[in-house]
Amino acid sequence: MGEYKGLNGAEVRYEMFEEQYNDEMEAEVRRLEAKNRAMAAGHPDWNNACAVCRCELTDVSVERCGDCS
């Protein structure tokens, strides 16, 4: 985000909302990608799986386990 000099309150609120929305959408995309990896590994009940060895991962923000990184 840049400097807000000269922007009125509505524009500032809009930029803050837009940034929050983008962050939430990026998190949702990561969650869905993780769920797809788990389903591809044959475990639809998991939230995430390693893209290489297909072990279960608890963090949806990573694609590989520590051994495969």
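- Judged as a ring-ring contact (aromatic ring centres under 6.0 Å, His included), not a single pair has a partner in residues 47-69 (not counting sequence neighbours).
- Evaluation of the ring-ring contact (aromatic ring centres under 6.0 Å, His included) test over residues 17-53, restricted to residues two or more places apart or in two chains, returns H43-W46.
- Screening residues 45-68 for salt bridge (charged side-chain N to carboxylate O under 4.0 Å, His left out), with sequence neighbours left out, gives no hits.
- Evaluation of the ring-ring contact (aromatic ring centres under 6.0 Å, His included) test over residues 48-69, restricted to residues two or more places apart or in two chains, returns none.
- Here salt bridge (charged side-chain N to carboxylate O under 4.0 Å, His left out) pairs that include residues 20-33, with residues two or more places apart or in two chains, are E28-R31.
- Shortest non-hydrogen contact noted between A38 and A49 is CA-CB, 3.7 Å.
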Report the C-alpha distance between L57 and V62 in whole Å, list the side-chain angles of each, state the deciding distance to 0.1 Å, and finish with yes or no for side chain to side chain contact (heavy atoms under 4.5 Å, CB included).
-> CA-CA 8 Å; L57 300 173; V62 296; 4.0 Å; yes

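- Taking the side-chain contact (heavy atoms from CB on, under 4.5 Å) definition, one finds that N47 meets it with K35, V60, sequence neighbours left out.
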